[in-house]
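Numbers restart at 1 for each chain; the letters A, B, ... are given by sequence-line order, proteins then strands. Atom set for the values below is all heavy atoms of this structure, side chains included, hydrogens, waters and symmetry mates excluded.
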2 protein chains.
Amino acid sequence: MLSTGCKYAIRSVLYIALNASEEKKIGVKEVSEVLEVPFPFLAKLMQQLTKAKLISSTKGPKGGFYLNEQDQSRNVLDIINLMDGIDKFQGCFLGLSKCDPANPCPVHFTVAPFKEEIMGKFRDKSIMEFAAEIRLTGRHITLKDIV
Amino acid sequence: MLSTGCKYAIRSVLYIALNASEEKKIGVKEVSEVLEVPFPFLAKLMQQLTKAKLISSTKGPKGGFYLNEQDQSRNVLDIINLMDGIDKFQGCFLGLSKCDPANPCPVHFTVAPFKEEIMGKFRDKSIMEFAAEIRLTGRHITLKDIV
DNA sequence: TTAAAAAAAGATAAAAAGGTCTTTTATTAT
DNA sequence: ATAATAAAAGACCTTTTTATCTTTTTTTAA
Ligand code: FES
Ligand code: FES
């Protein structure tokens, strides 16, 4: 469905949303340990996220990652779009050049409604709204707390 | 979304459903040319489909691929399951060990309804029903007829 | 019964995704 | 100023996916 990098990225951003702030930044090390994700790989992903301005960072001691105000209003679709490209949802399910209702592939009308709706869901809910829900209902981001 | 092999496989099976029969079998060559898919790669995929009894074949002159009665009642989900594995839909969207409503990840309730429904759609409609619809409405499987 | 046709099988190669390691740059506290 | 810290950058390695090539087996028709 999504690339592993993309999955890691979503979980990381949510973890940062939940646990970091401009005063208490969080490093790659902590994130990679808590989420059980390979450190160097995650570091690359975080760099990408930072360059794309989906998360913020500062170097040096007391440095790390956090979400500034703009970052907080981003949504999950922004992350998917950055990591895997929006075509993962917008493109034709069977890989034909364009997904076009005027020129539909055999499964177009089977999948199109879902593609639309799921993109909507991931666009309309901000990272912070997700974080609030996680805090409220105790959803897990890590493998550890499942057992 | 799906692997390229899986997409090729679905399109090929539909093409065979539409154009082949036990009397008029179709070879890899024709399928690869019409669908614009690399011949040797497609040959491998067809072997897999044959071994899994999703399509039928005979060797030698006048040989080729076709769908027997059992094959015709198969569905798209069978193909996806063979090529990519059912976890592509059943597994957790964020890659956590198990997708379990009792222990949901942050996006579980956002995506779970879609996963269920789309699997249903692809399970409940047989290959031949898809073929009939294609014949009726003129859906395209190839890139050529789009322009 | 032989030659041609076509799938099956298996070995190999190229490209992409996933993952690691090393060096550089920026920041902060001492 | 200096040492320590942590991200940024870039080179590198491994595995999986995608694709190709070659040989073998089966079948049919002449
Ligand atoms: S044309 Fe294939 S999904 Fe829309
Ligand atoms: S637990 Fe993640 S999608 Fe169900």
> Would you say the ring centers of Y8(A) and Y15(A) fall short of 6.0 Å from each other?
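Here the rings of Y15(A) and Y8(A) have centres that are no less than 6.0 Å from each other.
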> When you check every protein heavy atom under 4.0 Å of nucleotides 1-6 of chain D, what one-letter string (B, S, -) results, 5' to 3'?
---BBB
> Determine, step by step, whether E33(A) and K29(A) satisfy the salt bridge (Lys or Arg N to Asp or Glu O under 4.0 Å) criterion, reporting the C-alpha distance in whole Å, the side-chain angles of both residues, the deciding distance to 0.1 Å, and the verdict.
CA-CA 6 Å; E33(A) 279 170 3; K29(A) 185 146 170 289; 3.6 Å; yes
> What protein N or O atoms touch nucleotides 12-15 of chain D N or O atoms at under 3.5 angstrom, if any, and at what distances?
none

> Contact between L45(A) and M83(A) at the side-chain level, heavy atoms closer than 4.5 Å - yes or no?
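In contact.
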> Please report the distance, rounded to the nearest Å, between CD1 in I55(A) and C1' in dA7(D).
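After rounding, the reported distance stands at 11 Å.
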> Atom OH of Y66(B) to atom P of dA7(C): distance rounded to whole Å?
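Going from OH in Y66(B) over to P in dA7(C) covers 13 Å.
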> Under 3.5 Å, which N/O atoms of the protein pair with N/O atoms of nucleotides 12-15 of chain C?
none

> Contacts to DNA chain C from residues 37-47 of chain A, heavy-atom cutoff under 4.0 Å, which residues?
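Correct list: P38(A), P40(A), F41(A).
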> Ignoring backbone atoms, establish whether S57(B) has a side-chain N or O less than 4.0 Å from OP1 or OP2 of dA8(C).
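Answer is yes, contact under 4.0 Å.
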> Please state how far atom NZ in K7(B) lies from atom P in dT17(D), giving the value in whole angstrom units.
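One finds 14 Å between P of dT17(D) and NZ of K7(B), rounded.
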> What salt bridge (charged side-chain N to carboxylate O under 4.0 Å, His left out) pairs are there with at least one residue in residues 99-112 of chain B, not counting sequence neighbours?
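Residue pairs with at least one partner in residues 99-112 of chain B: there are none.
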> In whole angstrom, what separates D84(A)'s CG from dA16(C)'s P?
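My rounded result for the distance is 15 Å.
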> Expressed as a whole number of angstroms, how long is the span from K51(B):NZ to dG10(C):C1'?
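Computing the K51(B):NZ to dG10(C):C1' distance gives 11 Å.
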> Out of V13(A), V28(A), I26(A), which one pairs with F65(A) under the side-chain contact (heavy atoms from CB on, under 4.5 Å) rule?
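One option only clears the test, and that one is V28(A).
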> Using a 3.5 Å limit on both pairing distances, list the dot-bracket string of DNA chain C from the 5' end; Watson-Crick and G-U wobble pairs count, crossing pairs take [ ], interstrand pairs take |.
||||||||||||||||||||||||||||||
